[in-house]
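Contents: one structure, followed by commentary.
Since the structure is predicted, the reported quantities are computational estimates derived from the model, not experimental observations.
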Amino acid sequence: MSKSCKGLATELVKCLGESDCVKVENRSIRDCAGEKCPSIPSDCVGLRETYFNCKRGQVDMRARIRGNKGY
């Protein structure tokens, strides 16, 4: 279950790495992921929300028996 969000994490890092926030503004991926910046594309924002829900599902006691829904 600890690796069920790994695919989402790599997609999110790749998406944020190609965004204007990292390329043009020369900020780190962590800085760009943490705040709502207009230079982040909407698909990266969607990936961030999905990754957040995946990580939250890992600590949800109702889903721990069944396992987290993988990517």
Side-chain angles (χ1 to χ4, degrees):
M1 188 159 145
S2 65
K3 295 183 182 179
S4 62
C5 302
K6 187 172 177 120
L8 281 171
T10 56
E11 295 254 347
L12 179 61
V13 168
K14 186 170 74 169
C15 184
L16 287 173
E18 295 172 355
S19 68
D20 289 340
C21 181
V22 174
K23 287 185 174 180
V24 177
E25 298 175 15
N26 292 328
R27 298 171 61 190
S28 68
I29 292 175
R30 181 174 289 215
D31 289 340
C32 292
E35 59 186 53
K36 285 194 168 186
C37 187
S39 59
I40 296 174
S42 62
D43 56 340
C44 292
V45 174
L47 276 172
R48 183 175 61 187
E49 295 288 325
T50 307
Y51 180 68
F52 172 74
N53 289 332
C54 183
K55 292 300 275 186
R56 184 173 30 169
Q58 286 181 339
V59 296
D60 185 14
M61 286 299 159
R62 294 175 292 170
R64 287 188 68 81
I65 294 171
R66 294 186 307 261
N68 200 9
K69 293 184 174 122
Y71 172 63

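- Counting all heavy atoms, side chain and backbone alike, A9 lies closest to Y51 at CB-CE1, 3.6 Å.
- Taking both residues in full, the closest heavy atoms of C44 and L16 are given as SG-N, 3.9 Å, listed atom of the first, atom of the second, then distance.
- Separating the CG atom in L12 from the SG atom in C5 is a distance of 11.5 Å, to the nearest 0.5 Å.
- Looking at residues two or more places apart in sequence or on another chain, you find no side-chain hydrogen bond (donor to acceptor under 3.5 Å, both in side chains) involving D43.
- Taking S28 as the reference, D31 meet the side-chain hydrogen bond (donor to acceptor under 3.5 Å, both in side chains) condition, with sequence neighbours excluded.
- V45 is linked by a side chain to side chain contact (heavy atoms under 4.5 Å, CB included) to I40, R48, counting only residues two or more places apart in sequence or in another chain.
- Rounded to the nearest 0.5 Å, atoms CG (L47) and CD (E49) are 10.5 Å apart.
- In this structure, the salt bridge (Lys or Arg N to Asp or Glu O under 4.0 Å) partners of R27, at least two apart in sequence or on a different chain, are E25, E35.
- Residues C54 and L8 approach most closely at CB-CD1, 3.9 Å, considering heavy atoms.
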